[in-house]
Each structure stands twice: as C-alpha cells, then as structure tokens.
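Step one of this worksheet: look at the structure below.
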Amino acid sequence: MADPKGFMTTPRQDWPRRPVEERVRDWDEVYVPGALLPIVSKQADRCMDCGVPFCHDACPLGNLIPEWNDLVSREDWRAASDRLHATNNFPEFTGRLCPAPCEAGCVLAINQPAVTIKNVEVAIADRAWELGFAPPSPPERLSGRTVAVIGSGPTGLAAAQQLTRAGHTVALYEKDDRLGGLMRYGIPAFKMEKSHLERRIEQMRAEGTKFRTSTTVGRDIDAAELRARYDAVVIATGATAWRELDVPGRELAGVRQAMEYLPLANRVREGDLEVSPLSAAGQHVVIVGGGDTGADCLGTAIREGAASVTQLDIYVQPGAERDEDAEPWPTYPKVYRLSAAHEEARDLRTAPAANADARLFAASTLRFTGDTDGHVRSLHLMEVDARRRPVPDSGRSLPADLVLLALGFSGPDQEDGLMGQLGLELEPRGTIARDAGFATNVPGVFAAGDAARGQSLIVWAIAEGRAVAAAVDRHLTGSSQLPSPIGPYDRPMVV
C-alpha cells in the first residue's frame, strides 16, 4: 500500500452528488462530473492491503481490489485497468449499479467506514476509456465452433464477450429492439447513462460478436431449430416473470408493474416516445416494494413531475449500524441506506404522509379502491411488526392515481415458448435446472444468470456469464483457460 497510515489519517469521502434541485430537472447521472478523480487516489490509500482480504470473498467476481487500490493510489491507471479488467468485463456497470458487497466485507469496515471500493472501480473504468486502455480484443484465430447466446443483459454480454475472445463465433439474440436487457430499459439513465452501455457493445462488435435484436427465441425463431444450428447455446434471458400482489382491487386501471412503467420512461429518453403513456406527471403515486426497483420508480416519478410519491416497504425500518449478532461482518447487512432517489424525495418532500425519505416501513397493502370508471384512487394498508403480523388499529389509506408493483421476479418468462421447445427441466421455484457445469438437461444447452440462479445482483450476473463461458469453452474444446469465478451453487456470504 502506498500510504500505510492512510486508513487512519484519511476519512472516507464519497463521490459527491449534484444538488437535488438541479438533478431532478434532467436525466443525467446524479454525480458531479469530474468530482471523483481529485479524491479517488487518497481514498484508495485507505486500503490496508489486508493479508486476508475479505473483499475478495464478498465479490463473486474475485476482483483484485487491494491490488488496484494500490495502483490507483500511485495513479498508475494502465496497470489498474489491466488488473480490474482481468476479473470484470464491465466495471463501469458494476461501479454504478452494484450495491458493493465488497465494501461490506472490507476489513476496515469492522470498526470504521469501509474503503470506497465502488468509487475506485468506476474511476478506473472511466479513466481506462478516456486514456484508451480498453481497446477491442479480437481473437488471434477462430475455433470453427459456433455459440448462440440468448439474452443481452450483463450475463449474456459477459458470456458472449468471453466466448468471442476465446475464438468462437458468437451470435447474441435479444428480444428487444436494443441491447442491454434491464440495463437498457429497466435502469433509469440517472443511475447509468446508456452511453456506457453503447460503448461496450461497440467494443464487442469490433471483437466479432454478432448481434440479433428484435428476435424472441421461441416465437420468431424456434428454439429447437436454433439449437440445431449452433454447437452450443447459452440461455441468459434473466428473471423477467414479475411477482404479483393478490389483493382486492388489483384489476383496477392504474395498478401496474414496475417493469411496465420503467421501460416506457426509458423509451422516452431513447427518443421512441414523446411522453410515456404511464407518466406520473400530476399523479399521486404509490410504489409497493422497498428494493432498488422501487427506488428507480421513485426517482423516475419525481423527474416526471408526480404530485406525490410514496414507497411502501413491508420490512421494519433497519438501523443505521450493522447488527453484529444478526448480520456479523463480513456479511452484507440490512441497514438504513439513503439512495439518490430517497435523498431527492426527502429534500423535495414528495410524500408528506410518509417518513422523511418517502418510505413507509412496516407497511402491508390490504386492497385498492377506485372510482366509478374503474381507475384506482386509494391504497389501503396496515402496519405490521417484524414478523409481518398486523398491528391492531393501524389501518390507513393513501391517495393513489398510479400504483407501481416492485415486488421482484420469480424466474424466467415461460410464455415465449423457449422452455417448452427445448424441453428444459425447471426447478420447483421456476428457474432453469442445471448441473455443476451450468449444463441443462438438453445436451449442448447451458443456463446462466437470473434465469437459473434467480433474481440477483449485477455482479453475480457478470460472474455467471464469465463462468458459463468457461464451461461452454470446455464443452467445445475439451479444456479452457477462461476464468470461472463461481459455480452454479455458490451463494453470497450469509449467517
């Protein structure tokens, strides 16, 4: 480490966000442009270069965090980029979108604020592009083997890039008109501008990956015929089957899924629509679900000009500090976090009926009621305790012209014909069954990412893509030098 006392002399300093009043008037990323670089080297100095760095275990990619922290502290950006890209195909994605379990596992976090690992990562990635350290890496020779990858989310993109670089001819099939999966139409631009995605896609195209958009395998192309055309197939369609809320009034107009709402807002940003048909402008909005997707809806509704926005979280409000008994270091703790969207809601007071940051914790939805035209107008809820038991006499109602259900996803979509045409076996929870080598019951067909693992984090999605690429390469050639950071049964560190 460059400064052996850095963790004692330098306090943690995060990438500053733009003022709320400024950023809610546009869809640009929330952080102050150029404000990270002046502080990141000193922040990297806080890394202790631990003898046993638990950040490695907390990150499924196995990122070489102490190594590139040391290099950034010395401002050796080329070497830092090399070490970062050795384990992560898309660090500018994870540096913006990952909740950073590596920081929860930082040894410094035992009794101090963790190293700003996520900020260091995104600084390296952005500098790599600025300085030309991320050129295309086409293979020296082709293997003569062909692979179809279905799905262009982070798992599909990572698998396709790894297999292309290994010399295989890869075609990636995407049902939407643009590439990126949830990163394209699910993640708002204020969290990650799409230019970062476009840049990586162009890199992959220059390396030789072929892209087929607006193509739903199972509908536009028979899945069995596709399997017959390629030496191997990787299914990386994600977990897009959203969870429902079975309460009275669910059928009312205006009660919609978050993933019906967010793609339309993103299409406005892409120029496909002038105004979203589900715009929150002037509406009283209630978001059911306390996770990241709900926060994305919150920030989007604020920018669309909602009259009010309230987010319901069924869990009790967590504390500000880690509960060492329930969630000891180095596990990822459930603590109170203030995302950019919640900061905006707090400062703008978007939900006067809720807590300061627009969230109502320990809130369970009972029913919806509507007007004579069948449109939702109210959401009725009840407070619950830590075991989700109703608290007597705690019922209340909120005005609701638009209700967004952000309750997560149960597995891959089974209505497009892909599963049935291939005859894939499924797990009881609806995900694709696979063995220890990522292989499904159909010879030559592999499954990775949320479609097989279930809903997870972007860092796990990329790790799955890299690991399944190694498995496919081994299947095609008998051996592989591609890295395989995780196995299909690996899970995050928990108590």
One pair to check against side chain to side chain donor-acceptor pair (under 3.5 Å): Asn89 and Arg466. What are the steps and the verdict?
CA-CA 8 Å; Asn89 296 69; Arg466 291 171 66 86; 2.7 Å; yes
Apply salt bridge (Lys or Arg N to Asp or Glu O under 4.0 Å) to the pair Glu22 and Arg303, showing each step before the final yes or no.
CA-CA 11 Å; Glu22 172 191 319; Arg303 285 162 175 75; over 6 Å; no
Going through the distances and angles, do Tyr489 and Asp435 end up as a side chain to side chain donor-acceptor pair (under 3.5 Å)?
CA-CA 9 Å; Tyr489 309 132; Asp435 64 16; 5.9 Å; no
Worked verdict on Arg184 versus Asp176 for salt bridge (Lys or Arg N to Asp or Glu O under 4.0 Å)
CA-CA 10 Å; Arg184 171 73 67 180; Asp176 286 325; over 6 Å; no
Decide salt bridge (Lys or Arg N to Asp or Glu O under 4.0 Å) for Lys334 and Glu327; before the verdict, give the C-alpha distance in whole Å, the side-chain angles of both, and the deciding distance to 0.1 Å.
CA-CA 8 Å; Lys334 185 175 179 61; Glu327 298 172 312; over 6 Å; no
Walk me through it: do Asp416 and Arg219 pass the test salt bridge (Lys or Arg N to Asp or Glu O under 4.0 Å)?
CA-CA 6 Å; Asp416 57 15; Arg219 293 179 184 172; over 6 Å; no
Determine, stepwise, if the pair Thr87 / Asn63 fulfils side chain to side chain donor-acceptor pair (under 3.5 Å).
CA-CA 6 Å; Thr87 58; Asn63 281 336; 2.5 Å; yes
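Side-chain N/O atoms of Ser276 and Glu304 include no donor and acceptor closer than 3.5 Å. Arg96 and Tyr31 share no side-chain donor-acceptor pair at under 3.5 Å. Side-chain contact of Asp296 with Tyr261: a donor-acceptor pair under 3.5 Å is absent, judged by distance alone. With no hydrogens or angles considered, no side-chain donor-acceptor pair links Gln455 and Asp450 at under 3.5 Å. Counted by atom type alone, Glu121 and Asn88 present one or more donor-acceptor pairs between their side chains at under 3.5 Å. Between the side chains of Asp14 and Thr116, no donor N or O sits under 3.5 Å from an acceptor N or O. In this model, no donor atom of one side chain and acceptor atom of the other lie less than 3.5 Å apart for Thr365 and His380.
Minimum heavy-atom separation, Glu174 to Ser152: OE1-OG, 2.6 Å. Residues Pro101 and Ala58 come closest through the heavy atom pair O-CB, 3.3 Å. Between Ala463 and Ile486, the closest heavy-atom pair is CB-CD1, 3.8 Å. Between Ala44 and Asn69, the shortest heavy-atom distance links the atoms CB-O, 3.3 Å.
Considering Arg12, Lys118, Arg46, Arg337 in turn, Arg12 is the only one that fulfils the salt bridge (charged side-chain N to carboxylate O under 4.0 Å, His left out) rule with Glu103.
Applying the 6.0 Å contact sphere to CZ of Arg349 captures no more than 12 heavy atoms from other residues, nucleotides or ligands. By the neighbour-count criterion of 12 heavy atoms within 6.0 Å, atom CD of Glu321 is sparsely surrounded, having that number or fewer from other residues, nucleotides or ligands.
Note that Arg267 lies in the cation-pi zone of Tyr185, set by a 6.0 Å cut-off to the ring centre and a 45° limit from the axis. Cation-pi geometry between Arg269 and Phe190 is not met: the NZ or CZ atom fails to fall both under 6.0 Å from the ring centre and inside 45° of the normal.
Trp460 places none of its side-chain heavy atoms less than 4.5 Å from the side chain of Leu61.
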